[in-house]
Amino acid sequence: MRVLGVIRLSRETDETTSPERQREGLTAWATAHGHTIVGWAEDLDVSGAVPPWERPELGRWLGDSPPAPFDVIAGWKIDRISRSLLHFVQLIDWARERGKHVAAYMDSVDTSTDAGELVAKVLAIFAEFERKTIAARSADSRRKARQDGTWHGGSVAYGYRPVKNPAGKGWKLAHDPEALPILRAIVADVIDGKSTASIARGLNARGVLSPRDHAAARDGKTRVHKDGTARKPQAWTDTTVRRMLVSRALLGQLEHRGRVVRDDSGLPVQRAEPLIPEADWKALQHALDGKRRPKYRAAPTALLSGLAFCGEDGSPLHFNWMVKPERNQEYRYYRCSARAKQGLKCDAKAPRAEALEADAVGAFLAIVGDLEVMERQLVPGEDHTAELARVDQALTELRGDRAAGLYSGDRGTAEYRAMYLSLEGKRAELAELPNVPDRWDMVPTGRTFRETWDALAGPEERRAFLLSSGLRVKVHADPRPTLAAMMPGLAPEGAPLETRVSFEMPADLQRRVLEHAARLAA
């Protein structure tokens, strides 16, 4: 008979049923019975639960126009043909309707007879049961690995790399010496006020590999499409950076399907050494939350975008530009948004961007240029407030998981009660301890406003610096005296004492300006 040899393997690393061993056994069986093998359907890394018609290779032979005529579908064992009773019975019926039959020589199965078909179906039941048992064991193994904090395969968060666990079997996650400095620089930039979009552009400009490309290069792999062609390098995006920074993997904790994995006590599993300190994590989340607020920003290169407002009605001034190629001219100006929407002419007119930016920066540095820049710094509390918050959050999420049906049945109920009682006990202990919350302190940097301004490169960094200073620039219809005009001692010689701009500054900065003016007067 003409035989189609079927070879299947869920994992290519499984040496007990390797493709070579299956091929050799089928060839020997066909030769011993005088059969001729007319083709091979070899599906590697394919689960036995996949229907035969949907497999890449075997599916080609089960269509209306197979690569070659055949009489027998033969496999090493039944579980190599299918691990689903329903699919196996369907394959038997399909073969019978076309005058063919199914055979598995190691199981001594041949469906060409009624007795052989009966034996085949019984063995298919055991093959399906074995598949479900293997799947259950694998799921339990992954669940136990998650709770133990070991790495059980899958994607690795940027900043980590998998290494063999020297203390025993399995793998664990360790810091990636190449990715960690880049990650920490990204965190520092976000805390300092840089946008995630600008950080992504900078990483792409420097040729830094994206997380997926870095992981592939680290493991010596090449990312390819389904057709085998190489994928193009993946660029950093605002979404990539933000998703990486909000993940609790930065603290070495494990997340599964969007939820933090917890140990038997109900606290988050600490799977690896944190990539950043918890104080930096809190400052990072604070900075990211602030970047979600809407901003008045018309263009990334406008120095005063989001900083300039109409002195007549308080509306934001939007940055506009106009290009006339025929004249090789470009016009940059700020325009009152409220008056423009109402179709009215603003009394403050539309100042040219170059002139307004020069006047505003000149007057601002004349007022505060000699003052030292102060930066906000998070001082962690010396108590257990953060631990108490984590326990409260763990209790809330645990109740949510219970309500969602994740702890059902006797075993799940017992696990839920044990974790909940443990968390309640921990919470009672922490509630008795002193409560001194975190605080933000203003820390001197050792640089003056003028020195900091001169060291910044580009309008985006300078705009971020003005924003962090809390400055608001108001543009008036008529010249208005500024703080420099009211305190001439602060203005450099020759500086104008009247301008169309005035300032609003934070109370602490204005107080420092007045104290500085008083010292100069004395």
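Only a predicted model underlies this, so the values are computations on that prediction, with no experimental measurement involved.
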By salt bridge (charged side-chain N to carboxylate O under 4.0 Å, His left out), which residues pair with [X], not counting sequence neighbours?
{"X": "Glu375", "value": "Arg447"}
{"X": "Glu515", "value": "Arg511"}
{"X": "Arg472", "value": "Glu504"}

Which residues share a side chain to side chain donor-acceptor pair (under 3.5 Å) with [X], sequence neighbours left out:
{"X": "Arg352", "value": "none"}
{"X": "Asn204", "value": "none"}
{"X": "Lys426", "value": "none"}

Query raised in the report: For the atom pair OG (Ser210) and CE (Met244), what is the distance rounded to the nearest 0.5 Å?
Result: 10.5 Å
If you look only at distance, which donor and acceptor atoms sit under 3.5 Å apart when one is on a side chain in residues 276-283 and the other is two or more places apart or in another chain?
{"residue": "Glu278", "atom": "OE1", "partner": "Arg390", "partner atom": "NH1", "Å": "3.3"}
{"residue": "Glu278", "atom": "OE2", "partner": "Arg390", "partner atom": "NH1", "Å": "2.7"}
{"residue": "Lys282", "atom": "NZ", "partner": "Asp438", "partner atom": "OD2", "Å": "2.0"}

Could you pull out all residues at least two apart from [X] that satisfy side-chain contact (heavy atoms from CB on, under 4.5 Å)?
{"X": "Arg161", "result": "Val163, Asp176, Pro177, Arg218"}
{"X": "Ala464", "result": "none"}
{"X": "Arg427", "result": "Leu388, Val391, Asp392, Leu395, Glu424"}

Please check: side-chain N/O of [X] versus main-chain N/O of [Y], any donor-acceptor pairing under 3.5 Å?
{"X": "Arg512", "Y": "Glu372", "answer": "yes"}
{"X": "Tyr416", "Y": "Arg399", "answer": "no"}
{"X": "Tyr334", "Y": "Leu304", "answer": "yes"}
{"X": "Glu451", "Y": "Thr448", "answer": "yes"}
{"X": "Arg463", "Y": "Ser305", "answer": "yes"}
{"X": "Ser315", "Y": "Cys336", "answer": "no"}

Requested in this report: Sequence neighbours left out, what passes ring pair (Phe, Tyr, Trp, His ring centres under 6.0 Å) with Phe465? Give chain and number order.
Outcome: Phe449
Report summary line: Sorted by chain and number, sequence neighbours left out, ring pair (Phe, Tyr, Trp, His ring centres under 6.0 Å) with Tyr158 holds for His214, Trp236
Report task. Tell me yes or no: between the side chains of Arg417 and Tyr407, is some donor less than 3.5 Å from an acceptor? Result -> no
